[in-house]
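Predicted model only: the values in this text are computed from it and were never measured. Letters A, B, ... mirror the listed sequences (proteins, then strands); counts begin at 1.
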Amino acid sequence: MPRALILLYTRCMQATLSLAPFSFRTLATSGLARQGEIATPRGIIRTPAFMPVGTAGTVKALYPDQVKSAGADILLGNTYHLMLRPGAERVARLGGLHKFMRWDGPILTDSGGFQVMSLSGLRKMSEKGVTFQSHIDGSTHHVSPERSIEIQCLLGADIQMQLDECIELPASRERAIEAMELSLRWAERSKRAFDDMSKPGQALFGIVQGGTDLELRQRSAEALVAMDLPGYAVGGLAVGEGHDLMVATLSGTTPHLPAHKPRYLMGVGTPADIMEAVARGIDMFDCVMPTRSGRHGQAFTWAGKINLKNARHAEDPRPLDASSTCPAARDYSRAYLHHLMKSGEHLGSMLLSWANVAFYQDLMAEIRSAIAEDRYAAFVAEHKARLVGAEVE
RNA sequence: GGACAGGUGCCCGAGCGGUUAAAGGGGACGGACUGUAAAUCCGUUGGCUUUGCCUACGUUGGUUCAAAUCCAACCCUGUCCA
């Protein structure tokens, strides 16, 4: 083959690759649980997937390489936090978030909707959008659905989230309706903005709201599905309602979301939450739990949770999990991890964050295998109880 | 040897007649953490037969209705002077 042709072919392939559409396919099911993959121009996301949270352009206390080698295919960034610092335009001038933080896999960005709840004392809501008072310097920042999408495009997020209103539970039905309907109107505006500004291969997800009211959840889901978005998230859960109500709400929500599109349960959660959500057809998760708990001394293992700050580990020479492939879990004694945490040494937070991110990825890998082999219910029955509580020795 | 300053709960340290089992830190012990205002936050931290009692602020004695708080002696510690 002439050299010129090879070059042309290569260029075409590159072009095709860079324009590869966003797509989702299911490879196996077990009950309602699905195992599959999301294809993005930046790589495949194996589902069910857990996305480590990298709010401010970093999965706290971890190098991108560690996150990658732990098995994560995609991670999160945050519109609100990156908008304030270093600023979306600056990130764009520096080549986008992927290059900036040295993560070449897919990135999903949250819209700032969670900060509507978590920073409720520092913001004002209107039909137009949210006005935040910066928690850093008090300056005022307006985030409309359109501006949220613009920021996410500037960051270069592969999966973008509509701006929504996340409310704390329990909440009155009126309050849930209000937030759900506003979120739907904002979904429409987000979609229009996304269609204008996004690049091929990027995807916008809508967010189902409605509190724990199944009728509201259904209405929200159906309205979003009518917008024909590339994926759908379930938001407003794990915000005070408790595990059982969350699971019940999911049971009444996922059936209203199309089977051929990815479903993302936002902000969840514990290993048990994830297992039950997968059983109800959820494909994607994110949560600060592995990293925050890690920084605070709590490790997740197949034997249950372990608080390394507890005195009982002071002279325990065993690693967290001798069978783990993660060096943090395999090669360091509990006694040493205990010492690091008690001493406030950064390495303690780093090692436990690493071990936890790796554990969560291992959990997802096991979940995917169990679905692929159609033994998911048995898998949950075998592991859930143990993962809920403290380590059983 | 002399002059000051000081000895408080595991440690540092506030209190300087009653509202003091004694502020505040730290440490220790335990808990929480779910689209990250979080390397953060919250408890507990003398004992007991626990709506109360006992023990406790260097030691001993005293003043007082009442003392960690006032007085005396003694024992320690620090700084300075000889």
Side-chain angles (χ1 to χ4, degrees), chain A residues 50-62 74-82 84-85 107-123 132-138 148 152 157 159-169 183 205 207-209 233-243 246-247 264-274 276-277 282 284-300 305 307-314 338 340-353 356 360 388-390:
Chain A
F50 182 83
M51 308 181 279
V53 177
T55 303
T58 161
V59 178
K60 293 186 194 296
L62 294 179
I74 172 172
L75 48 80
L76 246 71
N78 182 276
T79 297
Y80 167 82
H81 289 278
L82 293 168
L84 294 187
R85 198 167 54 189
I107 293 176
L108 180 151
T109 43
D110 187 28
S111 58
F114 184 72
Q115 280 65 43
V116 168
M117 179 184 80
S118 67
L119 300 176
S120 58
L122 293 172
R123 55 81 178 151
F132 288 102
Q133 190 109 36
S134 162
H135 68 282
I136 300 165
D137 64 5
S148 178
Q152 296 181 69
I159 300 178
Q160 308 187 7
M161 302 305 300
Q162 69 151 105
L163 187 64
D164 66 331
E165 182 184 9
C166 184
I167 60 168
E168 215 163 1
L169 296 177
S183 296
F205 281 24
I207 304 176
V208 178
Q209 289 289 350
V234 180
L237 288 179
V239 288
E241 77 282 6
H243 175 82
M246 182 192 88
V247 168
Y264 162 29
L265 176 56
M266 305 186 77
V268 171
T270 66
D273 289 341
I274 290 172
E276 293 297 345
I282 295 291
M284 303 163 70
F285 301 88
D286 79 279
C287 192
V288 303
M289 195 161 281
T291 44
R292 180 183 290 169
S293 286
R295 291 195 307 283
H296 297 170
Q298 183 175 75
F300 291 90
K305 295 187 283 190
N307 185 344
L308 271 307
K309 287 196 278 199
N310 290 170
R312 65 193 177 95
H313 304 112
H338 170 79
L340 293 176
M341 290 315 301
K342 295 302 285 184
S343 307
E345 287 292 340
H346 293 187
L347 183 58
S349 295
M350 292 162 63
L351 289 172
L352 288 181
S353 296
N356 283 347
Y360 266 66
V388 168

Review point. A:Ser134 near the nucleic acid: base, sugar-phosphate alone, or nothing, with a heavy-atom cut-off under 4.0 Å?
Key: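 Nothing, no nucleic acid heavy atom in range.
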
Exercise for review: Tell me yes or no: between the side chains of A:Tyr264 and A:Asp286, is some donor less than 3.5 Å from an acceptor?
Suggested key: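 A donor-acceptor contact under 3.5 Å links the two side chains.
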
Review point. Can you find a side-chain donor-acceptor pair between A:Thr109 and A:Gln152 that sits under 3.5 Å?
Key: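 Yes, A:Gln152 and A:Thr109 have a side-chain donor paired with an acceptor closer than 3.5 Å.
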
Practice item. Spell out protein contact along nucleotides 30-35 of chain B as letters: B when the base is contacted, S when just the sugar-phosphate is, - when no protein heavy atom is under 4.0 Å; keep the 5' to 3' order. Key: SSBBBB

Mind checking the [atom1] distance from [N] to [M]? Whole angstroms is fine.
N	M	atom1	value
B:rU63	B:rC71	P	15 Å
B:rA5	B:rG9	P	22 Å
B:rC12	B:rA22	C1'	16 Å
B:rC48	B:rG2	P	47 Å
B:rA14	B:rG61	P	29 Å
B:rG24	B:rU45	C1'	15 Å
B:rC54	B:rU8	P	26 Å
B:rC29	B:rU77	C1'	32 Å

Do [X] and [Y] make a side-chain contact, defined as non-hydrogen atoms from C-beta onward lying under 4.5 Å apart?
X	Y	result
A:Pro52	A:Thr291	no
A:Cys287	A:Met51	no
A:Gln115	A:Ser118	yes

Review point. Whole Å only: how far is the CZ atom of A:Arg295 from the P atom of B:rU36?
Key: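 Distance check: A:Arg295 CZ to B:rU36 P gives 12 Å.
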
**Study point:** Separation of B:rC41 C1' from A:Met341 CE (nearest whole Å)
**Key:**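 Distance check: A:Met341 CE to B:rC41 C1' gives 14 Å.
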
Point to revise | Parallel, tilted or perpendicular: rings of A:His135 and A:His81 (30°, 60°) | key: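 Because their plane-to-plane angle is over 60°, the rings of A:His81 and A:His135 count as perpendicular.
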
Exercise for review: Give the ring-plane orientation class for A:Tyr360 versus A:Phe300, where under 30° counts as parallel, over 60° as perpendicular and anything between as tilted.
Suggested key: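 The arrangement is perpendicular - the two ring planes meet at more than 60°.
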
Practice item. Mind checking the CG-CE spacing from A:Leu62 to A:Met350? Nearest 0.5 Å is all I need. Key: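 So the gap between those two atoms works out to 8.0 Å.
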
Review point. A:Met266 and A:Phe205: side chain to side chain contact (heavy atoms under 4.5 Å, CB included), yes or no, with the steps?
Key: CA-CA 11 Å; A:Met266 305 186 77; A:Phe205 281 24; over 6 Å; no

Exercise for review: Starting from Watson-Crick (N1-N3 plus N6-O4 or O6-N4) and G-U wobble pairs under 3.5 Å, report the runs of at least three that RNA chain B belongs to.
Suggested key: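 B:1-7 with B:75-81, B:10-12 with B:24-26, B:27-32 with B:40-45, B:46-48 with B:52-54, B:58-62 with B:70-74 - these are the stems of 3 or more pairs that involve RNA chain B.
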
